[in-house]
Amino acid sequence: MNSKKTIKSLIAGLSLSLSLSTFAQTIALDKVVAIVDNDVVMASELQQQLSLISKRLQAQNTELPPEAVLRDQVLEHLIRERLQLQMGQRAGVEISEQEISQAISRMAAGGGLSMEQFQQQLWSDGMSMAQFKDRLRKEMIINRVQKGSVNRRIHVSDQEIDNFLESQEGQFWVSPDYQLGHILISLSAGADEETVDDAKAKANDLYEQLSNGANFRELAIANSNGQMALQGGDLGWRKTSQLPSLLAEAVPNMAKGDVSSPIRSDAGFHILKLYDQRGGEETIVEQAKVRHILVKPSTILSDNEAFEKISHIREELQGGADFAELAKNHSEDIGSMLSGGDLGWSTPGQFVPEFEATMKATEVGAISEPFRSQFGWHILKVDERRQQDFTDTVIRNQAANIIGKRRFEEELPNWLQEIRDEAYVEIKLSKIAGN
């Protein structure tokens, strides 16, 4: 029998990277070390995880704890992992092959590797692509279980958002980021008037060159006395709170690509270039006020019959019938039928793609052709369109996300301890060969 298949059947697909001689030893010694509700943790899995973690700690030049301590820590980690995977299974959490492939592609691209190079890296770490996918699938299931379970316990109030936005920290997090270039013509504290004038003239000359299209980075390397001169004056991404006050006042008034006129400080004359900006801009969203009628296929109404029914309703509307009345009488969208099919003001991404595309293509006052979505056959009417400023909404959502993520990190250990306390766990760990 193929040794890889033998191992897979014995340890239920767990990731192991062992020699053939070790395989034989593991088969002989493998046993249950913990019962976790309806599942078990095997000695072979515990040994493998101990080996991987020990190697990782040694590579980081981290002193290993005593073997018994590390073993207990790893076993506890495996027990909690089992509990979360069982919760995911009961909830029907599934990760598609497409999601796995997309995640791997992102990882490879993030590391600047081709897929072939990524696979080579896995092999050098002692793991096949199949084993890596299995590990990744488990991690993604656990991630979804954690988010679904813990986020239900978190509520961020409007008052908490207000308090955060008014705080110094909140203003820092929601303020824009600027990608900046910097040139400094420095001056000593006791510089005389002539020296100051010379420095000013030099700064003005550089500003004129830059205004005429000169390369900022080249001029910074050749002329700047700033700490980042040899990097072309690049300061990277900065918030205004991370800049000296004089420069912080100038940046918000600049547009992308602008170069500031020389700015005088005690250190000398500064010239800034704004390469890019993240956040802080107005968020203007086009909204549509829409009505719709939905007809759903069913066991007594075929898809073709549903299409014919919605087409007949559209003909009535084209003939002057009242949309609200027909929606009340015929629409199967319970949420909107009583209000005459009115869906209110929409925001981008609120509806399924087929609905969004039809809504965007339909003129104000017009009635769309029948179209199909996962819910059934629709027609819609666009009553109005408007441009709405969502800047404040975006800022508040950003603040709520920051608060929510912190609460998640605080609440996750509590939730993990709760599911551990409520589970049936029997430790059968005794002396493991080699420990």
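Keep in mind that the numbers below use all heavy atoms, side chains included, and drop hydrogens, waters and symmetry copies. Everything quoted here is computed from the prediction, not taken from an experiment. Along the sequence shown, residues carry numbers from 1.
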We want to know whether [X] and [Y] form a side-chain donor-acceptor pair, criterion being a heavy-atom distance below 3.5 angstrom.
| X | Y | value |
| --- | --- | --- |
| T195 | D192 | yes |
| Q179 | Q277 | no |
| N163 | Q159 | yes |
| E308 | N304 | no |
| Q49 | R71 | no |

Return the [atom1] to [atom2] distance between [X] and [Y], rounded to the nearest 0.5 Å.
| X | Y | atom1 | atom2 | value |
| --- | --- | --- | --- | --- |
| L247 | H182 | CG | NE2 | 5.5 Å |
| L206 | L219 | CG | CG | 6.0 Å |
| L416 | L412 | CG | CG | 4.5 Å |
| Q48 | L46 | CD | CG | 10.5 Å |
| E410 | K405 | CD | NZ | 14.5 Å |
| L180 | D234 | CG | CG | 9.5 Å |

Under 3.5 Å, side chain of S331 to main-chain N/O of L294, donor-acceptor pair present?
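Yes.
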
Under the salt bridge (charged side-chain N to carboxylate O under 4.0 Å, His left out) test, residues paired with [X] that sit two or more places apart:
| X | result |
| --- | --- |
| D205 | none |
| E354 | none |
| R264 | none |

Name the orientation class of the two ring planes belonging to F351 and F355 (parallel below 30°, tilted from 30 to 60°, perpendicular beyond 60°).
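Rings of F351 and F355: tilted, as their planes differ by 30° to 60°.
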
In short, ring-ring contact (aromatic ring centres under 6.0 Å, His included) pairs touching residues 150-181 with sequence neighbours left out are none

Test side-chain hydrogen bond (donor to acceptor under 3.5 Å, both in side chains) on D389 and T391 and set out the steps.
CA-CA 6 Å; D389 186 349; T391 306; 2.5 Å; yes

Which residues pass the side chain to side chain donor-acceptor pair (under 3.5 Å) test with S105, not counting sequence neighbours?
none

As a quick check of understanding, evaluate side-chain contact (heavy atoms from CB on, under 4.5 Å) for M107 and L113, giving each step before the final call.
CA-CA 9 Å; M107 288 179 193; L113 302 174; over 6 Å; no

Verify side-chain hydrogen bond (donor to acceptor under 3.5 Å, both in side chains) between W377 and D303, making sure each step is shown before the conclusion.
CA-CA 8 Å; W377 285 97; D303 194 68; 3.2 Å; yes

Give a yes or no on whether [X] atom [atom1] has more than 12 heavy-atom contacts from other residues, nucleotides or ligands under 6.0 Å away.
| X | atom1 | value |
| --- | --- | --- |
| E208 | CD | no |
| E193 | CD | no |
| Q60 | CD | yes |
| N253 | CG | yes |
| E418 | CD | yes |
| Q387 | CD | yes |

In sequence, state the C-alpha distance, the side-chain angles, and the governing distance for R396 and L165, and then conclude on side-chain contact (heavy atoms from CB on, under 4.5 Å).
CA-CA 8 Å; R396 293 184 69 81; L165 291 174; 4.1 Å; yes

Can you find a heavy atom in the side chain of [X] that is under 4.5 Å from one in the side chain of [Y]?
| X | Y | value |
| --- | --- | --- |
| K200 | P262 | no |
| H378 | I293 | no |
| D258 | L272 | no |

Does the pair E139 and N143 meet the rule for a side-chain hydrogen bond (donor to acceptor under 3.5 Å, both in side chains), with working shown?
CA-CA 6 Å; E139 289 179 1; N143 183 262; over 6 Å; no

Sequence neighbours excluded - salt bridge (charged side-chain N to carboxylate O under 4.0 Å, His left out) pairs with any residue from residues 99-110
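For residues 99-110, and leaving out neighbouring residues, the salt bridge (charged side-chain N to carboxylate O under 4.0 Å, His left out) pairs sorted by first residue read E99-R144.
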
